[in-house]
Every structure is written in structure tokens, then in C-alpha cells.
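Reviewing the structure listed below.
Since the structure is predicted, the reported quantities are computational estimates derived from the model, not experimental observations.
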Amino acid sequence: MDDDSEREHPKDDQPQPEIEDHGVLDWILGNDSSRRGSASPYAKEDIQDFRPILRPAVPVLTILDDGSQSGESVRLRGDTFTIGRTSGDLILPNDQSISKIHAEILRRPWTGGFQWALRDIGSVNGTFVRAARAVFHDDAIVILGSRRFRLQNPLVARREASPVAATLVDSPALPPMVWPVLVEATQRGQGIAMPLRSESVSIGRAGGGADLELDDPLVANRHAHLERQHDGTWVIKAEKTRNGVWVSTGEVTLKSYCHFRCGEQLFRFEIP
């Protein structure tokens, strides 16, 4: 009896372990069960999360599959991160439109900090970024819905066809306005061709009332606009749509939150 009592109630002269205040411990562990319904424990001005000062931030690359917005996330801690079908840091063997080694993400020093760039590694089908606005130059390919398009300048085509055409292009008799043609780029060659006849042209789904209509369920009624600038270049502007406008790139600086695609695989890039 005395022994049990002694075990349950240690003698006063024995050292006792120091017990921390449970309220402080709960707050450190993030356990707010004791304060449910109470005000936030944080000060009003304490709104900034921790950010590293000496090391680079750690971007998160999310692989978005088939309409999912959650996806599979990978943290990028090295200077390079490669994407490919058969080799690389991220291998996607189920997409045949991705090249064996397709693209890479590079981390570079920049103005006392770091920036990240996406670079295509000579892929067959290209690397695309989702753009709100982009210059539609001769070499660019733009994805609208499920189709790919080039903006073809008839004068460039004529100049490349023969030296006589080149002479005509440089002659003073050149018309003041030559309208380009929006041409579908397919694996079987040229698809549909839609000449532009205005300095501002809307593109959308068939029956939606746009200037140029595409029979494509992935295109919105008002999907994008093409506008001619004062210097003669054309700019494509995306409307707020589910599937967006994707523009091919050789290399581009990645923003803190952006989307890109390799083959038919979509990605989201974030810097927390």
C-alpha cells in the first residue's frame, strides 16, 4: 500500500520535470482546439509568412491531368529541371506528343535574386505558354481550343517563292495594306485558311457571332481577338475562357503564377 502510494505521489524532495504552459504549447503546435470560436492569436500587423533571404524560393510545379486543378505537385530545388517522355527529372511516358527530352526549367541569378525560365529543347511539337496577350509573329504557333494556327503573311510567302516576287515586294507600287491569313497547322499540312480583312478581328465558336468562327467545342463564343498595331505587327489577346490561348515559345521567363504545356500535358508553375 505504502509502495503504491509512493509511486503515484513522488516525494517532495525529488526533482520534478518542468511542465510548459499548455496554452503556449498548443499555440506552437497549431492546435487551436482550446480557442475555438475565439479571436485569432496573431497580431493584426503579423500577416507575412516566412520567406527565405539567402536561399532561392522553392517553386512548385503542378502536373494537371485531364481537367484537374489539383494535380501532382513537384518542388523545384535545383538549378535545372527537365521534362521528357523517356528521360529527364519528370518523365511522362503516356504522352506520345512529348519529345524524349522536351523542355527544361532554369533557375538563374537576377538583380540580386533569382528568376526562372522555361526553355524548349528542340521538341517536335513545341512548348506553349498560356498568354493573355502576345505578338503573333510569323514563326509563332497559337493553340485555340483543339487547333493550332499560324499567321501567314502573303508577302513573305511570295518573297520566299521566287526572286521576282522579292523585287515586287520591295517596289514602290506595294499596296499600303496587305492582309495576312490565319492558317491552321496540321500534321497533314495546311488546314483551313481564314483571311483577315480588318484591323480588329474576333475569334470564337461557330454560331457565337465572332468574325472568325471555329467549329470546336473547346472554343468559347468570344475566345480571342487579333489586332493590328501601328507598326504593322499583329497581337492576339485572350478573353477570359476556360481553355485559354496558348502561344509557342523557345524560351520565356516564368511569372510567379503561370501555365504552360508540353504535348497534351498541362502544367502550373507557382512561386509560393
Side-chain angles (χ1 to χ4, degrees), residues 48-144 148-151 185 224 233-238 241 243-272:
Q48 296 296 326
D49 290 328
F50 167 78
R51 289 291 183 271
I53 298 175
L54 301 178
R55 69 164 174 81
V58 179
V60 178
L61 181 68
T62 304
I63 309 156
L64 302 173
D65 292 322
D66 308 335
S68 170
Q69 291 303 310
S70 53
E72 175 187 351
S73 295
V74 180
R75 298 188 181 275
L76 311 185
R77 293 186 171 89
D79 289 335
T80 62
F81 185 88
T82 53
I83 300 170
R85 180 166 47 84
T86 60
S87 61
D89 299 300
L90 176 63
I91 298 176
L92 301 166
N94 62 322
D95 191 338
Q96 295 301 310
S97 57
I98 294 179
S99 295
K100 293 181 179 180
I101 179 119
H102 194 105
E104 65 180 343
I105 297 174
L106 307 170
R107 184 180 68 198
R108 296 168 175 160
W110 181 70
T111 63
F114 298 88
Q115 71 176 10
W116 286 261
L118 173 67
R119 185 170 74 91
D120 182 82
I121 311 178
S123 68
V124 175
N125 293 307
T127 299
F128 294 78
V129 294
R130 184 165 181 168
R133 182 182 185 277
V135 175
F136 206 159
H137 55 80
D138 291 337
D139 296 329
I141 297 177
V142 170
I143 298 176
L144 302 172
R148 299 182 175 209
F149 293 92
R150 294 181 182 273
L151 194 63
T233 60
W234 287 80
V235 167
I236 186 165
K237 298 181 179 180
T241 63
N243 294 306
V245 172
W246 302 81
V247 181
S248 62
T249 181
E251 181 172 325
V252 65
T253 300
L254 292 171
K255 298 182 179 180
S256 58
Y257 184 93
C258 56
H259 291 76
F260 67 91
R261 64 187 285 174
C262 300
E264 291 188 312
Q265 185 65 60
L266 306 186
F267 301 90
R268 181 173 64 235
F269 178 87
E270 298 174 80
I271 303 176

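A perpendicular orientation is assigned to the rings of Y257 and H259, their planes being inclined by more than 60° (bins at 30° and 60°).
One distance of note links CG of L92 with OG1 of T86; it measures 11.0 Å at 0.5 Å rounding. Annotation: the span from L106 atom CG to R119 atom CZ amounts to 6.0 Å, rounded to 0.5 Å. Taking OG1 of T233 as the reference point, atom CG of D138 lies at 11.0 Å (rounded to 0.5 Å). Between I143 atom CD1 and F128 atom CZ the span is 4.0 Å, to the nearest 0.5 Å. Taken to the nearest 0.5 Å, the OG1 atom of T80 stands 13.5 Å off from the CH2 atom of W116.
Residues meeting the side-chain hydrogen bond (donor to acceptor under 3.5 Å, both in side chains) test with R85, sequence neighbours left out: none. With sequence neighbours left out, the side chain to side chain contact (heavy atoms under 4.5 Å, CB included) criterion links T82 to D89, I101, E104. F260 pairs by the ring-ring contact (aromatic ring centres under 6.0 Å, His included) definition with F267, not counting sequence neighbours. For the ring-ring contact (aromatic ring centres under 6.0 Å, His included) test, no residue two or more places apart in sequence or in another chain qualifies with F81.
Contact between C258 and L254 at its shortest, heavy atoms only, is SG-CD2, 3.7 Å. Of all the heavy atoms in R108 and E251, the pair that sits closest is NH1-OE2, 2.7 Å. Residues A103 and C262 come closest through the heavy atom pair CB-SG, 4.0 Å.
L144 is listed as a side-chain neighbour of V245, based on a closest heavy-atom distance under 4.5 Å. The shortest side-chain heavy-atom distance between D120 and T249 does not fall under the 4.5 Å cut-off.
Crowding of E270 atom CD: a count of heavy atoms from other residues, nucleotides or ligands under 6.0 Å exceeding 12.
Looking at N125, its side chain does come within 3.5 Å of a backbone N or O of S97 through a donor-acceptor pair. With hydrogens and angles ignored, the 3.5 Å screen pairs a side-chain donor or acceptor of H102 with a backbone N or O of G126. Between the side chain of S248 and the backbone N or O of I141, at least one donor-acceptor pair lies under 3.5 Å. Judged purely by atom type and a 3.5 angstrom limit, S256 has no side-chain atom pairing as donor or acceptor with the backbone of I271.
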Under 3.5 Å, sequence neighbours excluded: what are the donor-acceptor pairs made by side chains of residues 49-68?
{"unit_1": "T62", "atom_1": "OG1", "unit_2": "S73", "atom_2": "OG", "d": "3.2"}
{"unit_1": "D65", "atom_1": "OD1", "unit_2": "Q265", "atom_2": "NE2", "d": "3.0"}
{"unit_1": "S68", "atom_1": "OG", "unit_2": "S70", "atom_2": "N", "d": "3.2"}
{"unit_1": "S68", "atom_1": "OG", "unit_2": "S70", "atom_2": "OG", "d": "3.2"}
{"unit_1": "S68", "atom_1": "OG", "unit_2": "G71", "atom_2": "N", "d": "3.3"}

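The list of salt bridge (Lys or Arg N to Asp or Glu O under 4.0 Å) pairs with a residue in residues 121-137, not counting sequence neighbours, is empty.
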(request) Would you check, one step at a time, whether the test side chain to side chain contact (heavy atoms under 4.5 Å, CB included) holds for V252 with V247? (result) CA-CA 11 Å; V252 65; V247 181; over 6 Å; no
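A side chain to side chain contact (heavy atoms under 4.5 Å, CB included) with T127 is found for exactly one of I98, I83, L118, namely L118.
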